[in-house]
Structure formats: structure tokens, C-alpha cells
Amino acid sequence: MGIEIITTSDGSHSLLNTELDETYHSRHGAVQESIHVFIKEGLDYFLRRQNATDIAILEVGFGTGLNALLTLQRAQEIPNSIHYTSLETYPIPEEIWSKLNYIDSVGLKEKFDQLHQAPWNSATYILPNFELQKRNVTLQQADLSTGFDLIYFDAFAPNKQPEMWEIDVLKKVVDAMKIDGVFVTYCAKGQLKRDLKSLGLVVETLAGPPGKKEMVRGVKKS
Ligand SMILES: C[S@@+](CC[C@H](N)C(=O)[O-])C[C@H]1O[C@@H](n2cnc3c(N)ncnc32)[C@H](O)[C@@H]1O
């Protein structure tokens with residue numbers, strides 16, 4: 001697979017999958033997008049709503065590890081324990097992840113390395129309150145446990161990888177969520193919102209990160 005490092009408008013790197021001609025993050029700013037969609041409107045929103053001591057997060061698409069790094073950074077500031085499961089079909093090689101410049105804006109170089117060096121398909125504690133389990137499996141094939149509090153749905157866009165957004169695949173994710181669990185994604189397509197509603201989520205369209213009009217959050221009600 002062809003992968004190239006690109007620099008986005010906030011100065012942070014992202015990757016370009018040259019076969020799909022699709023970037024891993026918004027070209028308007030990778031770090032800005034991840035903080036806005038997944039941390040601010042995802043994790044921080046969840047923390048305001050629920051006082052859970054343990055929070056189980058499922059990420060679809062580990063990719064560069066940026067969402068994991070930002071979540072670990074937040075974990076350092078909170079008393080809650082985070083159990084972070086991330087699915088990835090194509091782990092990026094060290095020669096690429098080691099060149100990513102997230103440590104310039106986020107810091108935590110040693111932790112970023114540990115996130116990538118952690119073994120696949122087993123659980124590892126990166127911090128006493130941050131447990132990582134990277135799984136080298138497709139979402140479609142993954143045997144998902146139930147009980148996720150928070151979903152970071154960070155698949156490639158529907159026009160590039162439509163199979164990730166099919167209702168059966170979304171249903172599998174929603175079925176793995178707890179009641180009152182929160183689902184966030186950068187995508188705000190009408191079909192996605194209708195599908196999430198039909199699967200029992202209360203769906204909100206929120207302002208997107210800089211350069212992107214909207215994003216979506218859903219809360220599981222039944
Ligand atoms: C938008 S990128 C993820 C960005 C990532 N969260 C980050 O912070 O860099 C989408 C990711 O999904 C992965 N992917 C592609 N097909 C997948 C599948 N069927 N199941 C799980 N992950 C998949 C890709 O390899 C890619 O890393």
C-alpha cells in the first residue's frame with residue numbers, strides 16, 4: 001500500500017493513502033480535527049455526562065495513533081481509567097510513524113513510541129490508567145465485546161471506503177455500545193445520521209473542526 005506523509009494546515013502531519021487518494025485526517029489540520037471531534041466532542045462530553053471510573057473506548061482505525069495519543073494525554077489529567085481498543089487492518093511501519101511530528105504540538109514522545117511499539121492483539125498498560133489493546137483485524141471480522149462507552153468512528157470517508165459505513169457494520173458497532181454510550185465521527189452525511197437514528201441513537205449535528213462545517217455525535221438510548 002502506498003503511504004505518504006503530508007503536512008496539514010495547522011502544521012501537523014497526516015498520511016495520504018495513495019491508492020484511495022484519501023488522507024487520514026482533515027487537510028485543514030490533523031491535530032485540530034482530532035482534538036475537536038474525538039477529545040472535545042467525544043471524551044470530554046462523555047466525562048461531563050457520566051461519572052464512570054472505567055471508560056471503554058473503541059476506535060475504528062488506529063492509523064497514526066494520534067487519537068490514542070490525545071486520549072492518553074487527557075488520561076494524565078483525570079482520575080478515570082481508560083481502556084482503549086483500536087482496530088486496524090494496516091499497521092503503519094516504524095519508518096513512517098517515527099517521522100510523524102505530533103510530539104511537536106502534543107509532546108509525550110516516549111508515550112507515542114510506546115503506543116506504536118505495543119504488541120498487537122494483546123492488552124498493555126501505557127499509563128497506570130491507560131490500557132491499550134490494538135487489534136490487527138477488520139471491523140467487519142472483529143469479534144467485538146460489548147460494553148463500550150465511547151466510539152471513535154474514524155474510518156476513511158464513505159465515498160472512499162463505503163463498506164465501513166454500511167448499516168450492518170454500523171449496527172455491529174452500536175450493538176457493542178452501552179446504553180448512554182457516545183459515538184462520534186467527523187462525517188456528517190445525511191445517510192449516516194438516518195442510519196444511526198434507525199439503530200437507536202439520538203443524533204446531533206455539531207459544528208466541525210476548523211475548515212469543516214459539521215460532525216456527528218450520537219448517544220445510545222435503547
Ligand atoms: C481515517 S484513518 C484513521 C486515522 C486514525 N484514527 C489516526 O488518528 O491516525 C482510517 C484507518 O482505518 C483503517 N482501516 C481501513 N479499513 C479498515 C477496516 N476494515 N477495519 C478497521 N480499520 C480499517 C485504515 O488502515 C486507516 O488507518
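Indexing begins at 1, ligand by ligand and atom by atom, following the structure's order. Just so you know, residue 1 is the first one in the sequence shown, and it goes up from there. The structure presented is a predicted model; accordingly, all values stated were derived computationally and were not measured.
Screening Y125, F38, F130 for a ring pair (Phe, Tyr, Trp, His ring centres under 6.0 Å) involving Y84 leaves a single residue, F130. Shown are T71, T64, N67; of these, the side chain to side chain donor-acceptor pair (under 3.5 Å) with S34 is made only by N67.
Proximity of E59 to ligand 1, defined as any heavy-atom pair under 4.0 Å, is confined to the side chain (atoms from C-beta onward). Only the side chain of Q161 comes within 4.0 Å of ligand 1, judged by heavy-atom distances. Under 4.0 Å from ligand 1, not a single heavy atom of Y152 appears.
Checking only distances, T138 never comes within under 3.5 Å of ligand 1, N or O to N or O. No N or O atom of Y90 sits closer than 3.5 Å to an N or O atom of ligand 1. Among the atoms of V60, none of the N or O lies under 3.5 angstrom from an N or O of ligand 1. When only interatomic distances are considered, the shortest N/O to N/O separation between S34 and ligand 1 does not fall below 3.5 Å.
Near L66, meaning under 4.0 Å from one of its heavy atoms, ligand 1 places the atoms 8 (O). Against a heavy-atom cut-off of under 4.0 Å, G63 is close to the following atoms of ligand 1: 5 (C), 9 (O), 27 (O). Residue contact check: N67 has heavy atoms under 4.0 Å from atoms 6 (N), 8 (O) of ligand 1. Every atom of ligand 1 with a heavy atom of G61 under 4.0 Å away is listed here by number and element: 3 (C), 4 (C), 5 (C), 6 (N), 11 (C), 12 (O). The ligand atoms of ligand 1 that sit less than 4.0 angstrom from a heavy atom of T64 are 7 (C), 8 (O), 9 (O).
Of the possible donor and acceptor atoms, one in the side chain of N129 sits under 3.5 Å from a partner among the backbone N and O of A75.
Here D113 pairs with K109 in a salt bridge; the nearest charged N to carboxylate O distance falls below 4.0 Å. A salt bridge links K171 to D175: at least one charged side-chain nitrogen sits closer than 4.0 Å to a carboxylate oxygen.
Between H116 and F62, the gap from one ring centroid to the other is short of 6.0 Å. For Y186 and F153, the distance between ring centers is not under 6.0 angstrom.
In summary, the side chains of D10 and Q32 do not present any donor paired with an acceptor at a separation below 3.5 Å, with no hydrogens or angles considered.
Checking E88, H13, E22, H25 against atom 25 (O) of ligand 1, the nearest heavy atom belongs to E88.
Using a 4.5 Å heavy-atom cutoff, the side chains of V184 and F46 are not in contact.
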